[in-house]
Amino acid sequence: MLLPLKIFSQTKIQTQIENIENLKREYIELKNDSTTENAPQRRAIRKQILNIYSDMENSTFTENTNGKNLTLEIKDYNIEKQGWNISLNCNIVEGYNLFNREFVLPYNYVTKKQFVDRTKMNARQIKSYENLIETYDELFRSSSLFLGAQLTFKITKWLDASEYIFTPESCTIFILGSTSNQIIYTFSPEELEPVQFTILPQIEIRSEAQIRSDREQLTGGEKIYEEEEESENKTEQKGRRTFVISMEYKKEGFSPSDFYYKNLKIDNAGGTLTWGLNDYTFAGLLVNYNIKSINSTSIYEIGAKLGANYSITNFMRPYADGTVSIQTDNKIFLKAGAGIDFKISHFMINFAYDYNWRFNFEPIFDSNPITNIRDVTVTKLHSFSVGIGLSW
């Protein structure tokens with residue numbers, strides 16, 4: 001059965017459940033906040049939740065008819081079943097009975113007299129039997145309590161998100177006395193069935209592995225409490241979401257001497273924006289400016305890319321991508337490349353390599369009339385880039 005969170009009043013168990021659900025809500029809010037690094041706060045919240053679960057697991061709760069949650073109602077005498085109809089309800093969760101029992105309390109349990117079938121009674125015995133029933137009926141209807149009840153139970157987490165299980169362990173009916181309570185009825189184990197209930201809205205913070213582990217332990221009957229603390233080094237997989245400003249160096253062919261700092265001449269500077277399509281793929285847009293054109297007609301490059309990434313750790317994310325771009329000087333680039341991001345929180349450094357096919361359409365557009373497509377030249381280039389940016 002599904003229960004809204006607001007129905008809980010402030011008993012100990014209800015406060016514990018309310019605290020768990022509120023902490024889980026706070027955890028989700030932090031996890032969805034991409035503007036700050038809050039892994040330590042999330043780990044602290046998980047630890048709080050685990051401590052409350054552990055306290056619940058190791059606690060046994062008691063309710064009795066002296067309080068407000070457990071109520072015992074004595075109804076009319078049942079002649080056929082030789083006892084009083086009893087209704088016992090426990091509102092641990094306000095507005096819902098986790099424990100609800102309708103049963104007959106036998107005549108001999110209450111009166112301590114052996115019941116004899118009416119067909120075997122004489123007139124005097126029948127009269128005495130009826131008078132005794134009336135006497136107890138008057139006692140039950142009087143303002144002074146005559147019978148009481150006590151219920152002990154446990155409440156622990158269960159299989160699904162925000163799901164709990166109420167497990168009654170014992171329940172007794174007793175005659176209230178001035179110094180002690182005399183137990184006259186004890187529920188059998190078969191009468192003490194567990195009840196599952198779910199708090200709405202359901203909030204899940206466990207990983208798939210933790211959910212499977214809980215199901216195996218709980219359905220197997222084991223009462224093992226396994227800490228679900230989020231590993232500080234747990235790698236989160238998600239599509240590459242970045243904004244990078246980079247510098248690019250291109251060469252048709254290269255040798256180690258090309259990377260001597262005096263020989264390095266930056267070709268392009270620009271920015272790239274990528275966004276994740278799912279946990280392992282991404283798309284992006286790039287805009288570059290050709291630095292060598294600074295003293296002539298400015299040349300810009302605009303393109304789109306599609307790629308895949310995999311986070312080895314939370315600090316290192318290699319990727320491969322393909323790019324199609326066009327330059328304003330009538331050149332088109334096809335690129336296949338790979339790179340790696342080194343991340344520190346939301347800050348990142350990027351290194352990338354691309355193999356380029358540059359299609360030069362200038363001979364077509366510069367001639368008059370326009371020449372054949374076979375005049376397009378293709379140049380193969382290697383390009384290296386380094387950049388800094390943000391990742392989220």
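Heavy atoms only: backbone and side chains are in, while hydrogens, waters and symmetry mates are out. In this chain, residues are counted from 1 in sequence order.
Checked for salt-bridge contact, Asp137 and Lys75 miss the test: no charged N lies under 4.0 Å from a carboxylate O. The pair Lys157-Asp214 meets the salt-bridge criterion, since a charged nitrogen lies less than 4.0 angstrom from a carboxylate oxygen. A salt bridge does not link Asp341 to Lys343: none of the charged nitrogens lies less than 4.0 Å from a carboxylate oxygen. A salt bridge is absent between Arg101 and Glu193: the closest approach of a Lys/Arg side-chain nitrogen to an acidic carboxylate oxygen does not fall below 4.0 angstrom.
Using modelled atom types, one finds no donor on one side chain facing an acceptor on the other under 3.5 Å when comparing Thr62 with Asn64. Side-chain atoms of Asn78 and Glu80 form no donor-acceptor pair, as typed in the model, at a separation below 3.5 Å.
If you run side-chain hydrogen bond (donor to acceptor under 3.5 Å, both in side chains) between Ser391 and each of Lys238, Arg240, Arg317, Arg241, only Arg317 comes through.
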**Request:** For the pair Asn69 and Glu63, evaluate side chain to side chain donor-acceptor pair (under 3.5 Å) and give the outcome as yes or no after the intermediate values.
**Result:** CA-CA 7 Å; Asn69 292 329; Glu63 293 286 351; 3.1 Å; yes
**Intermediate values then yes/no, ring pair (Phe, Tyr, Trp, His ring centres under 6.0 Å), Tyr136 and Tyr107** = CA-CA 10 Å; Tyr136 277 99; Tyr107 168 86; 8.0 Å; no
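Contact check for Leu88 versus Phe103: side-chain heavy atoms found under the 4.5 Å cut-off.
Ring centroid separation for the pair Phe187 and Tyr185 comes in under the 6.0 Å cut-off. Separation of the Phe140 and Trp84 ring centroids falls under the 6.0 Å cut-off. Taking the six-membered ring for Trp and the full ring otherwise, the centers of Tyr310 and Tyr319 sit at least 6.0 Å from each other.
Ring-plane geometry between Phe197 and Tyr164 is classed as parallel, the angle between the planes falling under 30 degrees on a 0 to 90 degree scale with a further cut at 60.
Note on Ile266: it does not cluster hydrophobically with Val287, by side-chain heavy-atom contacts below 4.5 Å among ILVMFWY residues.
With values rounded to the nearest 0.5 angstrom, Glu248 atom CD is found 6.5 Å from Glu301 atom CD. To the nearest 0.5 Å, atom CG of residue Leu23 and atom CZ of residue Arg46 are 12.0 Å apart.
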